[in-house]
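Numbered from 1 within each chain, the chains take letters A, B, ... in sequence-line order. The basis for the numbers below is simple: all heavy atoms, side chains too, and nothing from hydrogens, waters or symmetry mates.
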Protein chains: 2
Amino acid sequence: MPSSKTKHCLAFEHHDHRRCQSQLLSAARELCHSRNIRLTERREQVLQILLQSHQPMGAYEILGQLNRNPEASNIAPPIVYRALEFLLELGLVHRIECKNAFIGCVHPGHASTAQFLICKGCEKVAELDNPTTSLQQEASQVGFMIDHSVVEITGLCAECQAND
Amino acid sequence: MPSSKTKHCLAFEHHDHRRCQSQLLSAARELCHSRNIRLTERREQVLQILLQSHQPMGAYEILGQLNRNPEASNIAPPIVYRALEFLLELGLVHRIECKNAFIGCVHPGHASTAQFLICKGCEKVAELDNPTTSLQQEASQVGFMIDHSVVEITGLCAECQAND
DNA sequence: ATAAGTTACGTTATAATATAACATTATGCC
DNA sequence: GGCATAATGTTATATTATAACGTAACTTAT
């Protein structure tokens with residue numbers, strides 16, 4: 001899974017990545033503190049790895065990052081999956097279903113709904129931020145109680161179309 | 001994966017299942033014929049299994065069904081995955097990403113877009129039929145060229161809410 | 001402060017899902 | 001028939017995920 005590729009695509013072209021990361025991390029800490037929930041070191045490590053990458057990562061890729069650290073090596077899959085489960089529950093992280101991968105949430109607050117544009121060219125993923133879609137409204141009207149909803153739109157971003 | 005559970009939920013309550021199946025199968029045959037594409041026996045077998053179930057099935061579950069047939073047993077995963085790939089491409093089958101499972105399409109024709117209501121209670125899945133969502137329009141307007149889009153709304157159907 | 005209860009983490013093994021690579025058979029076309 | 005292509009078959013293995021059980025850390029009540 002290439003992670004440092006052609007940075008030429010999708011919504012987050014010009015932004016201060018370090019600042020964005022640290023803001024999201026602070027927000028996560030505050031969220032957990034306010035809810036009296038423990039953002040432990042492990043959980044924070046996993047969140048940081050995802051926020052740094054800013055792109056979807058597989059669980060084993062995250063695991064690799066954790067084990068890159070020479071001290072405290074040899075971490076096993078369940079640890080990553082448990083941290084992810086925690087972060088997903090809080091909406092700090094989303095799962096990109098069509099890639100079996102995970103990505104840090106850029107708009108914490110909408111835990112139960114997310115929409116993504118997924119470029120097949122540069123493999124970048126942009127999170128959109130629509131509070132509620134017409135489909136969700138429709139579902140509710142039919143009496144379906146929504147727990148979680150996912151929209152994944154795959155295709156080619158403008159840049160990648162141009163580069164063909 | 002329970003497949004014959006509490007049939008009490010979601011959109012397709014009252015319908016003639018056998019008829020629905022055979023209609024979809026005919027439609028598939030016609031589609032392939034008109035496009036001069038081969039709906040081989042294997043591919044048709046897989047399609048039939050999915051249409052019969054009318055619910056999402058894992059690839060290995062399908063495999064199990066194929067191997068249930070005493071003659072011509074011992075079929076291996078790639079065969080199923082290849083048939084699925086073919087059927088997905090044509091939009092005769094959809095992939096339920098959040099379950100890593102596959103389901104026969106009930107509205108062939110919209111190959112590149114599908115929406116599902118997925119009940120956590122009875123595990124049934126209903127396919128909706130909205131041609132285009134506002135999100136897709138939005139994506140297009142941003143210059144994103146959509147290849148495929150997936151909407152998966154998970155929750156509790158009306159029946160399952162009542163049965164709590 | 002300590003014992004009891006709970007939550008998080010660590011570890012081992014294994015299950016479930018998916019694909020790579022290559023051999024064989026069938027089909028379409030000249 | 002002979003050739004090219006497409007589909008299937010086969011073996012092995014990669015990738016993703018979880019079960020089950022043990023240990024450590026934190027929380028709370030006494």
Note to self: Any donor-acceptor pair under 3.5 Å linking the side-chain atoms of A:Arg18 with those of A:Gln21?
What the structure shows: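 No pair is found: no donor N or O on one side chain lies under 3.5 Å from an acceptor on the other.
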
I'd like to check [X] versus [Y] (side-chain heavy atoms, cut-off strictly below 4.5 Å). Are they in contact?
{"X": "A:Gln48", "Y": "A:Leu25", "result": "yes"}
{"X": "A:Ile146", "Y": "B:Thr154", "result": "no"}
{"X": "B:Leu63", "Y": "B:Ile79", "result": "no"}

Tell me the interatomic distance from [X], atom [atom1], to [N], atom [atom2], rounded to whole angstroms.
{"X": "B:Leu84", "N": "C:dA18", "atom1": "CG", "atom2": "C1'", "result": "11 Å"}
{"X": "A:Asn100", "N": "C:dA16", "atom1": "CG", "atom2": "C1'", "result": "11 Å"}
{"X": "B:Tyr81", "N": "C:dA21", "atom1": "OH", "atom2": "C1'", "result": "17 Å"}
{"X": "B:Lys99", "N": "D:dA17", "atom1": "NZ", "atom2": "P", "result": "16 Å"}
{"X": "A:Leu87", "N": "C:dC9", "atom1": "CG", "atom2": "C1'", "result": "15 Å"}
{"X": "A:Glu85", "N": "C:dA8", "atom1": "CD", "atom2": "C1'", "result": "12 Å"}
{"X": "A:Glu97", "N": "D:dT16", "atom1": "CD", "atom2": "C1'", "result": "13 Å"}
{"X": "A:Glu41", "N": "C:dC9", "atom1": "CD", "atom2": "P", "result": "10 Å"}

Item checked: Stretch residues 27-40 of chain A: residues that reach within less than 4.0 Å of DNA chain C through a heavy atom ->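 Contacting residues: A:Arg38, A:Thr40.
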
Item checked: C:dT7 phosphate, OP1 or OP2, under 4.0 Å from A:Arg43 side-chain N/O -> no

Next item on the list: Record whether the side chain of B:Tyr60 comes under 3.5 Å of the base of C:dA15 through a donor-acceptor pair of N or O atoms.
Entry: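 Under the 3.5 Å cut-off, the side chain and the base do not form any donor-acceptor pair.
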
Nucleotide N/O to protein N/O under 3.5 Å, stretch nucleotides 9-11 of chain D:
| residue | atom | partner | partner atom | Å |
| --- | --- | --- | --- | --- |
| D:dG9 | OP1 | B:Arg42 | NH2 | 3.2 |
| D:dG9 | OP2 | B:Arg42 | NE | 2.6 |
| D:dG9 | N7 | B:Arg82 | NH2 | 2.4 |
| D:dG9 | O6 | B:Arg82 | NH1 | 3.0 |
| D:dG9 | O6 | B:Arg82 | NH2 | 3.3 |

Any donor and acceptor pair, going by atom type alone, linking the side chain of [X] with main-chain N or O of [Y] inside 3.5 Å?
{"X": "A:Glu127", "Y": "A:Ala114", "value": "no"}
{"X": "A:Arg43", "Y": "A:Phe86", "value": "no"}
{"X": "A:Glu152", "Y": "A:Leu117", "value": "no"}
{"X": "B:Glu61", "Y": "B:Gly58", "value": "yes"}

Next item on the list: Give the C-alpha distance, both sets of side-chain angles, the deciding distance and a yes or no for side chain to side chain contact (heavy atoms under 4.5 Å, CB included) between A:Gln45 and A:Gln65.
Entry: CA-CA 10 Å; A:Gln45 278 172 12; A:Gln65 288 288 327; over 6 Å; no

Notebook entry, point to check: Between the two end axes of the helix from C:dA1-D:dT30 to C:dC30-D:dG1, each built from 5 base pairs, what angle do you get to the nearest 10°?
Noted result: 30°

Note to self: Using 30° and 60° as the class boundaries, would you call the ring planes of A:His94 and A:Phe116 parallel, tilted or perpendicular?
What the structure shows: perpendicular

Next item on the list: Over 60° means perpendicular and under 30° means parallel, so classify the ring planes of A:His54 and A:His17, tilted if in between.
Entry: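 Taking A:His54 first and then A:His17, their aromatic rings sit tilted (interplane angle of 30° to 60°).
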
